[in-house]
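Just follow the structure's listing: the first ligand is 1, and inside any ligand the first atom is 1.
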Amino acid sequence: MSLLGILLLVILLAASAVLWWQHGQLKLLRTRHAKELAAQRTQREAELAAQAERTAALFDRMVEGIIVVGPNGRIRIANRAAGTLFDFPPPASERTVLEATRHHEVAALVARLEREPEVLNHELRLESLAETRYLQVNALALRATDGTRDGAILVFHDLTRLRQLEAVRQEFVANVSHELRTPLSLIKSAAETLIDGGKNDPAVTARFLEIIDKHASRLTLLIDDLLLLARLDSGRIELHLQAVSLRAAAQEALDDAALIARARQVTLENRVAVDAVANADPERLRQVLANLIDNGIKYGREGGHLVVGGRGLDRARVELTVRDDGPGIPAEAKARVFERFYRVDKARSREQGGTGLGLAIVKNVVQAHGGDVRVESTTGAGTEFFITLPAAKA
Ligand code: ADP
């Protein structure tokens, strides 16, 4: 081979070596680039997944039920609250609103959004064997950035508790009106009798003035109790907490009740332990004891026996009990006696001058102290009220 041939061969070899090296480098670069892209994609996917998880966690923490529907009418997101409200297990995605909620009104609302640009408000009643729930639904059609329709979002607010409170309030107002009207009409007719000539007869005058006085006092008592309950409800009552000897407080309340006990020949007994000391407001505690002792005498047995007991339960709590040996409270009424205006025997309570608010006040005062109240009763054998209160610090 000539020198030129050898030279050409060397150049050729060198050139192909360079080419081969460049090809290798290019391949390396491509692989590296592909790897970088894959890593970026994985990171982006992880970020998106984390973001979706954060959104889902955020939705799940909301008390409102949320359902997001895609343009195909299938659920994209449904949070935990929505699942609880409509009793569907997660995940609800890919089911239609009707399949998940089994409620035609919700499906109809989603369909209406096709034509309505505004937020739609609708009230829903969910009936089940156990209860009736009331929901407020706000529904809005969603749009993509280019303005095309992109499904809808439904927000469900549970109004059940609000409705229940409203019903309680209405019943309370009706009860108050009734309780006020009874003594007022008696006062009015007594006054009319006096005006219509009754005042000319001293005996009639004395009898009707007595009626007026009795029912005016009843009204005062009722209004005092109502105002106290309103203050307890709104937390506007200030408790002047101090160490109170339960035995001394019980004795004071028993002494106050001595007159009415004598009238019904009821014997009173103080069995409170000397070392039982509560951290309580003495004035409010007096009110609680007065109500329970008064009830024990009024609804207990004529010629019966009433005992106030008390002891330390543990380092943090003391207990007070008021027991009578009267006819007792029927089992079905036990849970209700702490309700406002609930009476087992309406006529008997009114005749005794009761407002029907005594035990509601007891419960509220005790709870304001952080304590508890319950009742045990056996028909024919008597009733015992149990109160726990915080113990005074040793
Ligand atoms: P009232 O003003 O009617 O006494 P309360 O709230 O104090 O209202 O009591 C509610 C009802 O609980 C009473 O009307 C009565 O029927 C019943 N009750 C309360 N205490 C006793 C008791 N010691 N024995 C039997 N029934 C009772």
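- More than 12 heavy atoms of other shown residues, nucleotides or ligands fall within 6.0 angstrom of atom CD in Glu127.
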Are any protein N/O atoms closer than 3.5 Å to the N/O atoms of ligand 1? If there are, list each pair with names and the distance to one decimal place.
{"from": "ligand 1", "atom 1": "2 (O)", "to": "Thr355", "atom 2": "N", "distance (Å)": "2.9"}
{"from": "ligand 1", "atom 1": "2 (O)", "to": "Gly356", "atom 2": "N", "distance (Å)": "2.7"}
{"from": "ligand 1", "atom 1": "3 (O)", "to": "Tyr299", "atom 2": "OH", "distance (Å)": "3.1"}
{"from": "ligand 1", "atom 1": "3 (O)", "to": "Ser349", "atom 2": "OG", "distance (Å)": "2.6"}
{"from": "ligand 1", "atom 1": "4 (O)", "to": "Asn295", "atom 2": "OD1", "distance (Å)": "3.3"}
{"from": "ligand 1", "atom 1": "4 (O)", "to": "Lys298", "atom 2": "NZ", "distance (Å)": "3.3"}
{"from": "ligand 1", "atom 1": "4 (O)", "to": "Tyr299", "atom 2": "OH", "distance (Å)": "2.6"}
{"from": "ligand 1", "atom 1": "6 (O)", "to": "Gly358", "atom 2": "N", "distance (Å)": "3.3"}
{"from": "ligand 1", "atom 1": "6 (O)", "to": "Leu359", "atom 2": "N", "distance (Å)": "2.8"}
{"from": "ligand 1", "atom 1": "7 (O)", "to": "Asn295", "atom 2": "OD1", "distance (Å)": "3.4"}
{"from": "ligand 1", "atom 1": "7 (O)", "to": "Asn295", "atom 2": "ND2", "distance (Å)": "2.9"}
{"from": "ligand 1", "atom 1": "7 (O)", "to": "Leu359", "atom 2": "N", "distance (Å)": "3.4"}
{"from": "ligand 1", "atom 1": "14 (O)", "to": "Tyr299", "atom 2": "OH", "distance (Å)": "3.4"}
{"from": "ligand 1", "atom 1": "16 (O)", "to": "Val344", "atom 2": "N", "distance (Å)": "3.0"}
{"from": "ligand 1", "atom 1": "23 (N)", "to": "Asp324", "atom 2": "OD2", "distance (Å)": "2.8"}

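- No continuous path of hydrophobic side-chain contacts links Val337 to Tyr299 [ILVMFWY only; heavy atoms under 4.5 Å].
- Applying the ring-ring contact (aromatic ring centres under 6.0 Å, His included) rule to pairs touching residues 146-166 yields Phe86-Phe156, sequence neighbours excluded.
- Under the side-chain hydrogen bond (donor to acceptor under 3.5 Å, both in side chains) criterion, Asp325 pairs with Arg301, not counting sequence neighbours.
- A cation-pi geometry, defined here as NZ or CZ lying under 6.0 Å from the six-membered ring centre and within 45° of its normal, does not hold between Arg323 and Phe385.
- Considering only residues two or more places apart in sequence or on other chains, Phe386 meets the ring pair (Phe, Tyr, Trp, His ring centres under 6.0 Å) condition with none of them.
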